Amino acid sequence: MRYIPHTENEIQRMLDAVGLSQLDELFDAIPQKQRLARPLDLRRAVSEQELWGELKTLAARNASTETHDCFLGAGVYPHFTPAVVDALTSRSEFTTAYTPYQPEISQGTLQTIFEWQTMICGLTGCDVANASMYDGASASAEAALMAMRATRRSKVVVAAGLHPHYRDVLRTYLNGLRAEIVEAPLADDGRTAPLAEQVDGATACVILQQPNFLGAIEDVRAAAEAASACGAKLAVTVTEALSLALLTPPGELGADIVCGEAQSFGVPMSLGGPHLGFMATRQKLLRQLPGRLVGETVDTEGRRGYVLTLATREQHIRREKATSNICTNQGLCLLMATIYLCLHGRRGLRALAELNLAKAEYAKARVRENPALSLPLEAPTFNEFVVGVPDVAAALERARADRLLGGLDLAPYAPDLGPALLVCTTELVSREAIDRLVAALAGDAS
Amino acid sequence: MRYIPHTENEIQRMLDAVGLSQLDELFDAIPQKQRLARPLDLRRAVSEQELWGELKTLAARNASTETHDCFLGAGVYPHFTPAVVDALTSRSEFTTAYTPYQPEISQGTLQTIFEWQTMICGLTGCDVANASMYDGASASAEAALMAMRATRRSKVVVAAGLHPHYRDVLRTYLNGLRAEIVEAPLADDGRTAPLAEQVDGATACVILQQPNFLGAIEDVRAAAEAASACGAKLAVTVTEALSLALLTPPGELGADIVCGEAQSFGVPMSLGGPHLGFMATRQKLLRQLPGRLVGETVDTEGRRGYVLTLATREQHIRREKATSNICTNQGLCLLMATIYLCLHGRRGLRALAELNLAKAEYAKARVRENPALSLPLEAPTFNEFVVGVPDVAAALERARADRLLGGLDLAPYAPDLGPALLVCTTELVSREAIDRLVAALAGDAS
Amino acid sequence: MSDPRARIGNTGTGFSYEEPLVFELSRPGRIGYSLPAYDVPPVDAVQMLPDGSVRDDIEGMPEVSEVDVVRHFTRMSTWNASVDLGLYPLGSCTMKYNPKINERAARLGGFADAHPLQPASEQQGFLELCHRLENELAEICGMDRVTLQPAAGAQGELAGIMMIRAYHEHRGELRSKILVPDSAHGTNPASAALNGYEVVAIPSDEDGILHPEAIEAVMSEDVAGLMITNPSTLGLFEEHVVRICEIVHAKGGLVYGDGANLNALLGIARPGDLGIDVMHINLHKTFSTPHGGGGPGSGPVGVKNVLAPYLPTPVVRELAGAEGAGFVLDYDLPQSIGRLHANFGNAGMFVRAHAYIRSLGPDGLKRCAEMAVLNANYLLARLRTAYHVPFDRAVMHECVLTDRSLQDTGVTTLDVAKRLIDYGYHPPTIYFPLIVHGAIMIEPTESESLDGLDRFADAMLAIAQEAREDADTVRTAPHHTRRSRLDETRAARKPILRWQPAARD
Amino acid sequence: MSDPRARIGNTGTGFSYEEPLVFELSRPGRIGYSLPAYDVPPVDAVQMLPDGSVRDDIEGMPEVSEVDVVRHFTRMSTWNASVDLGLYPLGSCTMKYNPKINERAARLGGFADAHPLQPASEQQGFLELCHRLENELAEICGMDRVTLQPAAGAQGELAGIMMIRAYHEHRGELRSKILVPDSAHGTNPASAALNGYEVVAIPSDEDGILHPEAIEAVMSEDVAGLMITNPSTLGLFEEHVVRICEIVHAKGGLVYGDGANLNALLGIARPGDLGIDVMHINLHKTFSTPHGGGGPGSGPVGVKNVLAPYLPTPVVRELAGAEGAGFVLDYDLPQSIGRLHANFGNAGMFVRAHAYIRSLGPDGLKRCAEMAVLNANYLLARLRTAYHVPFDRAVMHECVLTDRSLQDTGVTTLDVAKRLIDYGYHPPTIYFPLIVHGAIMIEPTESESLDGLDRFADAMLAIAQEAREDADTVRTAPHHTRRSRLDETRAARKPILRWQPAARD
Ligand SMILES: Cc1ncc(COP(=O)(O)O)c(C=O)c1O
Ligand SMILES: Cc1ncc(COP(=O)(O)O)c(C=O)c1O
């Protein structure tokens, strides 16, 4: 076996050294009848060539941006990633290292995280950011837990515009705790209706998504005011992190916690993961923050260096009193995103966000002028919006026939909207593809 | 431009430092009327995303082993390459370095080459090997030149079984020199007929391919005896380097020079290049060897290390008296092959060669039993052989319709054979694909 | 600073280049990106969007060229230890070799560039892969069903504990406690607490393993379950696991298995056969998906049929009979604990783990366990003379030593770890498990060869000797890294968690 | 050897691990491969093939695991300097940044896994790419036609010289000489000689450039042509090139242009417009295909129409009119010099070079030239006080200095180069061109930023100062590498060119 170096001769020498005569005896601590008396019932091993053939065949049975124009978003965004990101991320010094517990030989990972923390602070308008959560959904749930710890309250007001999967995860996370979840409804234009009704003195936090699940750009300041008026925290969740380059950072608008999903920053869609939850907050909530943090320090010779810090918040020190149970996080995705952000930088990220906006505005204009289609919501949007169609299934089938992944059927998520699709347009879709989509959704002859 | 770091501000500061006021003045040495007065007539620059789209479109218009079963060989062989090869070769410390002129910071490249030289010696049965030629064809031409230098003779006897492209290149290389090229014909079984007639006291060398272009395994020892009887050198060219793991090394059979193409060792087919010419010889011909050589030495503290050596053979020292004009060679392909050889090692390479042999024998058996097809040559073969078909064009067209690259039409190369294909079967083709090929070539209903 | 190289910032030895923060490399107007040309009309965001909703500049965001970025991260990479450079014997982490073919497979367009919300008909290859992997893991663990959703081991624990809660609640029982051995990984108590349970710590016995009496003493109808790690974090097989499970079950509790150490048992024994009801599997440990400098991981959870109704949704289901062929995502699990992940979990890791299992097959997996255990025992045999062995018995895939035998030299576990770096090794896990004073927890994994182990053992022994002859060198190690020991106290006292332009001027 | 680390072989500093030869890692029976199962009957080679045609074991071939291989080459890679780690100012080699997207593009299945002999109909994408690249290079160089076939610059020279010979022979002329300036790269005379020409060396003038008189003096009807490098290897533009070409042409000769320094002229001036008849282009220099530790390169050759009939075969031809659309390979060039390569040349490099040209466009290419020249002039301005400048004039893309100003210190060019390594830099090209005593030839390329150049200049100046204050440190450098200076004389005196098992025991 090419992954295991031992030769028969070496095995024998090692057995001798440990005073055993055969491999079986290594497991003497396991009573014979607790052992598996047969080989595992798995298919026999295949060679690398055969494996590659099998996996290529499986992969070929999935649509992808290689084969289709993708208008799906809803928390996972098809963006172009420069080749540099994978080339650097693939360096095995990054890939095959683990958590940087030993800073003297982990400065590469540590400095990267410190850079990430800095950029996330800039993007969100917060003071401190951690070094990754599993995904946007669990980050939002952890934000609620954090607010509950900070306020010692247990009611969580969730805007209905929070991604339905995130709402599900929140519910799952809060289930074992004595917490109450209240939903704040959407107004007709797609934005969250004023929150005064739901938020009260028992409220630990409000969770608002920006732009929300239906693409609407929310009024974060109003939500922040409603929350802080009752001493509650406002957590803003962002699923399309690219919007942070264009929209006023939630931290500046009064959000206490800004969290979400940073997959848009160069992390492959990869059927939904691994992605990259992020979380940032104000300085005064620092000790409540879950997850890893990297801080600057000096070595014995006074040279600047980085270390994991404030570990007393974490499970490996605090055990059941930790701010979270997270341990293994999304390190390599954080590296991808950091590289992506460095490449795009101050100007590129903004320019890309504007291009996304322009694509969506173009698409909306085409929808608006098509008699068979409608734009049911009036709220401003970024790169995602709702399209009313006569018949969702037929529309998607026509799109599929033209190799378009035509948007998300909203029926399971927002049945009140009537037949409608959530459509996302990033820089990856050309004007021509947008035109084909509009035609397909409308059933126009092409 | 993302590849050029200069900002306008920096450009101005640098111009100031060199005492110029605008960029144009940098080119004052070029008389104004010698300058290009217009922009280059090239299409405007595209972004990485657009470029990627363009190149994917071009690539998709080529068949490949991703889309077809490939039965083409004839000097370029479809083999499976373990992922390790590309993963390691892609390390930019290898990729973005150049010729290891400064050994203290090039030991990675140098030690790799030393390992390559060692393995090529083992594979060819020679004493010394160089660190790559452009390809098998120019390596064969350089072998002829080397023999001419060593013998001070100018007649080159070329076996008709030498790859026709190699023969062309040989002719091109020898054209300016006062050299005579004589062809030694093939016998009916596909092997070179006895050489006595062509080889004489004026002969610098005989060039024999093993297995030859038509797949036949040659009698190297007989050729070596014929050559040495006249004081001529025998150069054996190998296009399918994998055969070296199975067949007796030419060096052991009396060849003076063993050269050829090592693409089979993990180098992508890549539409014909970059590939990897190799050349090995006896100790006593060392000073005539073209190309780079790496040798072992020690540093000032006695530690073992490697350096480029015997540079007095090379153009940068000897200029017009050099053994060759080669400078930039095929370094990175050499690295690929070295990694590939290390992975397969003593046992894997032999086992792979045997698998190739077995595939070919199976295919030949299927051909033999098919009444529409024939095996016109009787010589033993390795993984390549000639198949007689009723109508080449129709056969290939049927193969193509079944996504098979069905073999090489021999009409331009060996018209005497009648309608025939050169078919190659490596480990990449399954029994099932072979069966389909035989059916397609024969025109059997499937 | 007499080294004149300091003046230009390259004070590292060899190729250990110094490298500033990317923000310090930034120059206004420098560019590292390219964007496609507009094929749609540009829009003016400020004009179009509501007042105040468009941001100003992003503070501190760098402006660097592509070359800058490539060099920056290439150089930083050279400051990391990694499995591909050498032994990385971080106990409990199973830092085994990560096959390159798995990386390549996960990058296939049909996996990497596919959207999780595309219709099931457009992701049949993926769903089949999930289905295969679930079955493979179930067979390996002796479990009935598997969910792939948890993003890492700790989230798997959370899922498992939630299922235990759901199970009890479904029976109308409101149990409030979870038993957790004191040798357990920190995630165990944290996961239980995160789900609202009170954590009851179980002390390990003198011999390092759990004894039925300890469980019996605290097991009650108020205990929802026990979390057990087997082999334990001491590298020891919990010999009484079957009896312990019986005790828990007898009182209506369930047993959670922390599968972080599954590598030791592959093809040898199956947690499910030992009485475990629910367990997570760290794909990034046993099944070799790369650790990535901290993640991503993947923490599938296997359950016995009793817990199947509570699995997170969606589950992958193979169609059968009249339904036709293929796979669907099934959301119809009314008693499910719900979703744990925005999508299906860390799907890219499924590809790698499945590839690994296919490459090894049943025999290869068993070989992993055997060689991992052989390696740990061999190291223990070589090191036991120089380092104190707190629990002296045959170990499984890892061994725990301590610094007790060095006490008189003043050299501690930390010093040994740092000095190992000078010898070219990533240190083992240290000071864990917490119950062992000065623990040095070594997990070589099956990837290491005999000669590799011997060199590591030589280094450990050399350090023990240095501790006696030249303790200072050990106590001030490492001496050959880009940075010497870093001041962690200072970092925590007044945390600097981001770069700030102002602070630099 | 007081360093106790020596005992276990890890004496490098930081992460500079020692690593033996792969043969020394080998253990009988260890395996690094996997082969597909037989789906055809196995055969017994010894039985099947003629007596004596099956070999014994391959002597010295290693037996190592995949892990061994990965670590072996990963470690070895860390001993190399590279562009991705820092400035690599190797003069004449144009070590510019190699874009990652180009690497990715060349690995597309339709390029990397395609066979050169598949029918033209099955490689239309490739042929179109060749056609595009030929046109792009022709436009950039001011040439009429381009062949992509030569595998590197030197093979391009050979092809060019062969075409010159064919041209004369076609006219019934048997000219025997080629003029080559003494500053030319060694490949120039070697290529001429390899094609059977007598090489006549032309001395450069005091001012470093070629003067018409020098050519006039030797130009005759027996001279087939002149090889000229412009900008020259001194980094100087050959100001008299137009006049020189006229002189050669007047006597019926042709002018070959060595395009290794084309980077300086992109979009600024075109060799074809200056009178050059034939030239090669090093795609691995100007067009950024990676140098790969010595190659592969690619050396397309551009020619004026007079030489078009002699181009190597096959050529790519676009179909037109009645022929239909698409591209074919045309072998029908009766006066062709023939083939130079087994296939079409280093095709993978065509993909990268075309990608590079598309990424830069006309403006970006010109910018390359401007910034490359600006960088070289800037460095020259910063270094001229400390290092002797043999030809004191504005330079193009590279500058040549010498060690003359350090003569009294005993520090030579070689010492400066080796000491630069300690400062984190790959040394410039040294002792070339041969006509400059103690040459230090620096080509920063446009990839370097102002701050990067400043740091390098600081290092060079610091070394000049060290030469006066602490010459010994400079003369014994490098001090921070895995190996100190290596004994090249010993290597050449009794060459050890392969590892031999016997010699080790
Ligand atoms: C014993 C043990 N349990 C649980 C965990 C937590 O797993 P993860 O890090 O994947 O969340 C770990 C990992 O470090 C572990 O070693
Ligand atoms: C001036 C000059 N001419 C010719 C060459 C030869 O080119 P290549 O190395 O590509 O064969 C070189 C390359 O080193 C060079 O610098």
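Predicted, not measured: the structure shown is a model, and the values here were computed from it. Naming: A, B, ... by sequence-line order, numbering from 1 per chain.
- Both the backbone and the side chain of Asn375(D) come within contact range of chain B, each with at least one heavy atom under 4.5 Å from a heavy atom of that chain.
- When heavy atoms are compared at a cutoff of 4.5 Å, Leu274(D) approaches chain B solely by way of its side chain, counted from C-beta outward.
- When heavy atoms are compared at a cutoff of 4.5 Å, Met95(D) approaches chain B solely by way of its side chain, counted from C-beta outward.
- Of the two parts of Ala192(D), neither the backbone nor the side chain holds a non-hydrogen atom closer than 4.5 Å to a non-hydrogen atom of chain B.
- Across Pro62(D), Ala106(D), Gly52(D), Gly345(D), the residue that shares the most heavy-atom pairs under 4.5 angstrom with chain B is Pro62(D).
- Only the side chain of Asp57(D) comes within less than 4.5 Å of a heavy atom in chain B; its backbone stays farther off.
- In this structure, chain B has no heavy atom under 4.5 Å from any part of Tyr197(D).
- In summary, the side chains of Ser106(B) and Asn80(D) do not present any donor paired with an acceptor at a separation below 3.5 Å, with no hydrogens or angles considered.
- Listed options Glu59(D), Met349(D), Gln123(D) were ranked by heavy-atom pairs under 4.5 angstrom with chain B; first place goes to Gln123(D).
- For Arg165(D), the part lying near chain B is the side chain, with the backbone staying farther off; criterion is any non-hydrogen pair under 4.5 Å.
- Ranked by non-hydrogen atom pairs under 4.5 Å with chain B, the options Arg107(D), Arg490(D), Met371(D) are led by Met371(D).
- In this structure, the portions of Asp487(D) lying under 4.5 Å from any heavy atom of chain B include both its backbone and its side chain.
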